[in-house]
Amino acid sequence: MIDITLPDGTVKSFENNATPMDVAKSISEGFARNVISASFNGTTVETHTPLTTDGALVLYTWNDKEGKKAFWHSSAHILAQALEELYPGVKLSIGPAIENGFYYDVDLGDQTISDKDFKTIEDKMLEIARGKYDFSLRSVSKADALSLYKSQDNEYKVELIENLEDGTITFCDHSTFTDLCRGGHIPNTSIIKAVKVMSVAGAYWRGDEKNKQLTRVYGISFPKQKDLTEYLHLLEEAKKRDHRKLGRELELFTFSAKVGQGLPLWLPKGAALRERLEDFLKKAQKKAGYQMVVTPHIGQKELYVTSGHYEKYGADSFQPILTPNEGEEFLLKPMNCPHHCEIYNAKPFSYKELPIRYAEFGTVYRYEQSGELHGLTRVRGFTQDDAHIFCTPDQLDKEFKDVIDLVLYVFGSLGFENFKAQVSLRDPNTPEKYIGSDENWEKAEAAILNAAIDKGLDYVVETGEAAFYGPKLDFMVKDALGRNWQLGTIQVDYNLPERFDLTYKGSDNELHRPVMIHRAPFGSMERFVAILLEHTGGNFPLWLMPTQAIVLSISEKYEKYAEKVLNVLENNEIRALADNRNETIGKKIREAEMAKIPYMIIVGEQEESKNMISVRQHGGEDLGMISAVDFAEVVEKEVKKTLKTFK
Ligand SMILES: [Zn+2]
Ligand SMILES: [Zn+2]
């Protein structure tokens with residue numbers, strides 16, 4: 001008999017050679033039907049692998065990341081088989097599961113695949129899937145593995161196998177198809193009910209442009225047709241909400257090849273939006289005891305050698321700026337922290353004055369590879385909503401909680417309601433990898449965990465994920481399309497205070513090292529605006545909207561009245577415009593809808609004679625005829641729904 005421990009801690013005994021599927025069935029037949037993959041003692045196994053020792057078993061369904069991985073990995077085998085059948089002589093190379101689906105890189109010889117062929121490939125894949133073939137893994141000797149692929153003239157698999165050790169090589173068979181594979185499959189092909197070939201692209205063998213260019217076929221598959229339909233719908237939605245598209249349509253930002261790749265240019269409306277976000281955070285930060293500082297965009301190379309950033313960013317980033325003075329070198333700043341450390345060093349501090357909190361919307365520069373650049377989410381120059389807190393080890397607990405409050409306030413005000421936190425701790429088995437005393441690490445880790453619990457966060461702990469200089473807490477937000485984004489990091493740091501020799505005088509009159517906290521609720525203004533655009537589709541919370549209302553006159557006759565209404569709105573601190581062009585009201589409404597202006601105020605004869613306005617909301621809902629003052633109240637109420645006062 002063997003003892004199998006399940007994730008909830010229960011231990012069950014099974015006959016030797018019981019399989020993960022047997023274990024699943026012992027839980028319930030219904031559950032077993034949904035189990036598609038498994039891991040045993042942390043290693044991926046097949047659902048029919050006989051278990052021969054005691055150990056910990058995790059069973060995965062489609063709802064688990066691991067389950068999806070097995071599903072898509074298995075689908076890649078089927079794609080490869082379909083391609084072999086449809087394109088005789090095709091040579092397979094590699095075909096992994098990816099975040100959304102899978103791909104296979106193939107050498108088609110002189111054949112090609114285009115959009116027109118996708119349906120044929122999908123049909124072939126479904127035909128194979130319906131055959132209900134089991135996936136079975138078998139060990140092969142290196143010699144046998146090589147001889148199979150040499151006989152197929154497949155230099156790619158031969159190269160892969162040559163780099164493997166004899167005794168570790170396995171093949172996976174299903175139907176008439178065999179592939180080199182390490183395992184991790186769903187029980188059989190019939191679980192795959194829907195497939196879609198998404199695209200084809202060129203890909204160099206092993207990612208090296210000196211090698212031959214292969215054809216990469218991207219696909220995705222699902223256990224239900226409904227899931228595929230939903231996925232395709234989400235993709236469409238994501239396209240509509242692409243921040244690059246919305247940024248252009250709403251005239252928020254642009255890029256210029258002349259200025260340079262990855263260097264965003266904020267247009268007036270974008271700059272106003274950004275300013276509003278900054279003011280919002282500045283106001284909350286002021287209440288939370290932060291002081292604004294300003295530092296230059298460059299610093300002496302020596303500064304970043306001291307901080308360690310030169311070692312990290314130096315070679316792969318912007319190179320030093322030279323001056324007429326020989327030997328003098330400056331760097332574009334990759335981080336604000338070194339500057340803030342030197343601000344702290346400008347005068348001595350006593351423990352009574354701590355914590356000190358310096359905040360800056362500091363622009364930093366990092367050289368991202370051109371292939372990595374993407375709209376506002378990956379740029380070469382960006383502004384962090386940065387702050388550094390210098391405190392005593394005993395103050396860490398409270399400071400950390402206060403930072404969490406601020407981050408949650410930011411999320412709440414911007415409509416991110418769905419988020420998780422990740423607490424990254426050090427690996428206690430390798431203390432030599434971390435700097436700082438054990439005592440301080442224990443204090444900091446306890447402070448973060450306490451804060452997470454105290455604030456009721458939904459969090460996971462990742463042991464061994466801490467930076468070498470301190471533990472941290474990251475927030476992951478889920479957007480309206482269910483995609484996860486990392487936002488808001490709070491990081492404890494023992495390293496920089498050491499490197500910059502930061503001190504404070506303690507109650508014992510001795511000098512001590514402060515602890516430093518880095519934090520940025522938005523992360524960067526660029527990335528945050530991008531995520532906010534994709535989350536809201538450009539319909540920001542009302543308090544943030546560049547234009548909250550637009551007055552549309554039905555004809556020129558009502559221009560004067562429209563101006564009067566505009567005046568009332570402006571006096572009530574509503575950001576409004578008037579559209580008095582000689583255009584039809586229908587056209588004016590359409591354009592205001594396109595610009596996503598939340599309220600359209602229509603004024604004509606009736607409105608003027610009654611001294612009222614007709615209000616239409618973005619999306620079509622009518623609020624009827626009300627007075628401008630009543631409307632101002634509606635706006636104020638709506639603003640307060642998301643924008644609360646901090647503390
Ligand atoms: Zn496989
Ligand atoms: Zn920092």
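Numbering of ligands and ligand atoms starts at 1, following listing order.
Between the NE2 atom of H185 and the SG atom of C181, the angle centred on the Zn ion (ligand 1) amounts to 110° when rounded to 10°.
In the model, T383 has a side-chain atom that pairs as donor or acceptor with a side-chain atom of R274 under 3.5 Å.
Distance check for C172 against the Zn ion (ligand 1): none of its N/O/S atoms falls below 2.8 Å. At a threshold of 2.8 Å, the Zn ion (ligand 2) has no backbone or side-chain N, O or S atom of H340 nearer than that distance.
If you look at H518 and ask which of its N, O or S atoms sits nearest the Zn ion (ligand 2), the answer is ND1. Taking the N/O/S atoms of H77 in turn, the shortest distance to the Zn ion (ligand 1) belongs to NE2.
The six-membered or imidazole ring of F349 lies away from that of Y504, with a centre-to-centre distance of 6.0 Å or more.
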Do H174 and H185 pass the ring pair (Phe, Tyr, Trp, His ring centres under 6.0 Å) test, and can you show the C-alpha distance, the side-chain angles, and the key distance before you say yes or no?
CA-CA 11 Å; H174 77 268; H185 304 96; 8.6 Å; no
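Under the 30°/60° scheme for interplanar angles, the aromatic rings of H77 and F177 are found to stand perpendicular.
Proximity of a side-chain donor or acceptor of S190 to a complementary backbone N or O of A129 within less than 3.5 Å is not detected.
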